[in-house]
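The basis for the numbers below is simple: all heavy atoms, side chains too, and nothing from hydrogens, waters or symmetry mates.
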Amino acid sequence: MSQSVVVSGGRRPIGFAHRGGALTRREQNTIPAFRRAVEMGAGVESDVLLTADGVPVLLHAPLGLHRGRPIRRLHRAQLPSSVPTLNELYTERGTGFPLALDMTDPGAAAAVVDVARRHGALDNLWMTYWRLDRMARWRERWPSVHLVYASMVVRSPDRFMARLAAAGVDAVNVHHRTVSRRLVASAEAHSRLVFAWGVRGRASVGSVLARGAHGVFADDVEALVAALQSAHAVVPSRP
């Protein structure tokens with residue numbers, strides 16, 4: 001199990017730019033979008049899939065398909081050059097930013113960790129998935145990686161947070177409207193974190209931060225950064 005995540009005052013929450021700081025829909029999950037987010041001071045979020053030749057690529061493809069073909073059956077060279085690899089992101093932007101990867105293809109986990117380790121980026125890597133049994137195995141295999149459980153809503157917060165702690169999962173990511181002070185208090189009592197997804201404008205970012213969220217996934221990177229700068233709290237980190 002990973003070291004406990006201790007939340008304390010004085011640091012900023014983590015802001016993840018959903019699919020990067022894209023100016024257009026077409027620019028999402030591209031190096032220019034990721035570059036813009038990082039340069040503005042945000043972290044980055046993307047889906048990750050594994051190609052047939054074992055390359056983790058950053059692409060939003062919920063069914064694991066590209067133009068009707070499974071990405072697992074395509075080689076990196078068969079994908080457009082606009083689709084970045086994880087290695088290209090680190091090579092282009094370095095490692096000094098939080099990176100949340102939605103493990104659309106959980107089979108990509110080993111390759112993702114290998115690339116992040118080679119770049120010295122494990123401390124800033126947050127791997128998101130929705131099955132605790134698989135995540136518990138990831139925790140045993142990779143003690144230093146941050147793990148995030150994705151969920152729509154959490155019922156029975158204390159019981160749920162105890163399950164997260166037992167599996168070694170660092171955080172839960174829920175829809176921003178379901179973030180409550182009770183949920184955050186329960187998470188902190190178990191040394192876990194609460195992230196919020198589905199956030200749009202600055203007012204929504206500010207609202208979810210006011211309820212105690214430790215991290216936010218937002219589409220509007222400018223609104224995200226502005227709200228984070230005005231919130232006097234922390235980037236949660238391992239002690």
Side-chain angles (χ1 to χ4, degrees), residues 2 12 14-62 64-67 69-129 138 141-148 170 195 215-219 221-222 224-225 228 235 237-238:
S2 66
R12 295 178 180 277
I14 303 176
F16 296 100
H18 184 231
R19 304 182 194 171
L23 296 176
T24 65
R25 192 175 188 85
R26 191 167 188 171
E27 195 183 44
Q28 292 179 345
N29 293 297
T30 64
I31 291 295
F34 297 146
R35 180 190 303 122
R36 182 168 181 264
V38 173
E39 288 178 349
M40 291 184 68
V44 166
E45 183 276 344
S46 180
D47 290 13
V48 63
L49 297 106
L50 196 68
T51 64
D53 46 344
V55 178
V57 293
L58 306 179
L59 176 66
H60 181 65
L65 302 177
H66 176 69
R67 295 178 180 175
R69 300 181 64 188
I71 288 177
R72 268 197 164 272
R73 297 182 183 176
L74 297 174
H75 284 70
R76 169 67 183 101
Q78 293 176 280
L79 294 171
S81 59
S82 59
V83 175
T85 68
L86 179 59
N87 183 67
E88 288 168 349
L89 172 60
Y90 284 138
T91 300
E92 165 72 21
R93 296 312 312 161
T95 62
F97 60 94
L99 174 63
L101 294 180
D102 191 335
M103 305 303 295
T104 307
D105 179 359
V112 164
V113 172
D114 181 61
V115 172
R117 180 182 286 122
R118 285 191 279 111
H119 284 271
L122 287 180
D123 286 347
N124 263 335
L125 176 63
W126 298 79
M127 291 167 52
T128 301
Y129 196 53
W138 288 352
R141 187 172 179 183
W142 304 301
S144 62
V145 173
H146 300 282
L147 299 178
V148 183
D170 300 293
F195 291 169
V216 180
F217 293 79
D219 293 291
V221 66
E222 293 182 356
L224 174 64
V225 171
L228 289 170
V235 174
S237 62
R238 299 180 191 275

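In this structure, Thr85 and Pro56 have side chains that are not in contact, with every pair of non-hydrogen atoms separated by 4.5 Å or more. With a 4.5 Å cut-off on side-chain heavy atoms, Asn124 and Thr95 do not count as touching.
With sequence neighbours left out, Asp47 forms a salt bridge (charged side-chain N to carboxylate O under 4.0 Å, His left out) with no residue at all. The salt bridge (charged side-chain N to carboxylate O under 4.0 Å, His left out) search around Arg72 returns Asp105, not counting sequence neighbours. With sequence neighbours left out, His119 forms a ring pair (Phe, Tyr, Trp, His ring centres under 6.0 Å) with Tyr90. A search for side chain to side chain contact (heavy atoms under 4.5 Å, CB included) contacts involving Leu65 returns Leu63, Pro70, not counting sequence neighbours. The salt bridge (charged side-chain N to carboxylate O under 4.0 Å, His left out) search around Glu27 returns none, not counting sequence neighbours.
Of the possible donor and acceptor atoms, none in the side chain of Asp219 sits under 3.5 Å from a partner among the backbone N and O of Ala17. At distances below 3.5 Å, at least one donor-acceptor pair connects side-chain atoms of Gln78 with backbone N or O atoms of His75.
Counting only residues at least two apart or on different chains, the salt bridge (charged side-chain N to carboxylate O under 4.0 Å, His left out) pairs with a member in residues 74-86 are Arg76-Glu88.
Under the ring-ring contact (aromatic ring centres under 6.0 Å, His included) test applied with His146, the options Tyr129, Trp126, Phe16 reduce to a single match, Trp126. For the side chain to side chain contact (heavy atoms under 4.5 Å, CB included) with Val48, the lone residue among Thr104, Leu101, Val57, Leu86 that qualifies is Leu101.
Contact detail for Thr30 and Ser82: the closest heavy-atom pair is CG2-O, 3.8 Å. The shortest non-hydrogen separation linking Val221 to Ala37 is CG2-CA, 4.1 Å. The two atoms that bring Val145 and Asp170 nearest to each other are O-OD2, 3.7 Å, heavy atoms only. When all heavy atoms are compared, the tightest approach of Leu49 to Ala61 is CD2-O, 4.1 Å. Of all heavy-atom pairs between Ser46 and Asn29, the closest is OG-OD1, 2.8 Å. Shortest non-hydrogen contact noted between Met103 and Val112 is CE-CG2, 4.2 Å.
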Given the rule in the side chain to side chain contact (heavy atoms under 4.5 Å, CB included) test, do Leu58 and Val83 qualify, once you have shown the distances and angles that lead to the verdict? CA-CA 7 Å; Leu58 306 179; Val83 175; over 6 Å; no
Under the criterion side chain to side chain contact (heavy atoms under 4.5 Å, CB included), I'd like the reasoning laid out for Asn87 against Arg118: C-alpha separation, chi angles, the key distance, then a yes or no. CA-CA 9 Å; Asn87 183 67; Arg118 285 191 279 111; 4.1 Å; yes
Apply side chain to side chain contact (heavy atoms under 4.5 Å, CB included) to residues Arg93 and Arg35 and explain how you reach the verdict. CA-CA 7 Å; Arg93 296 312 312 161; Arg35 180 190 303 122; 3.5 Å; yes
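Rounding to the nearest 0.5 Å gives a distance of 8.0 Å between CG of Leu23 and CD of Glu222. Interatomic distance, Leu99 CG to Leu122 CG, rounded to the nearest 0.5 Å: 11.0 Å. The CD1 atom of Ile71 sits 10.0 Å away from atom CG of Leu50, with the distance rounded to the nearest 0.5 Å.
With 3.5 Å as the limit, one finds a donor-acceptor pair spanning the side chains of Asp53 and Thr51.
A salt bridge does not link Glu45 with Arg19: none of the charged nitrogens is closer than 4.0 Å to a carboxylate oxygen.
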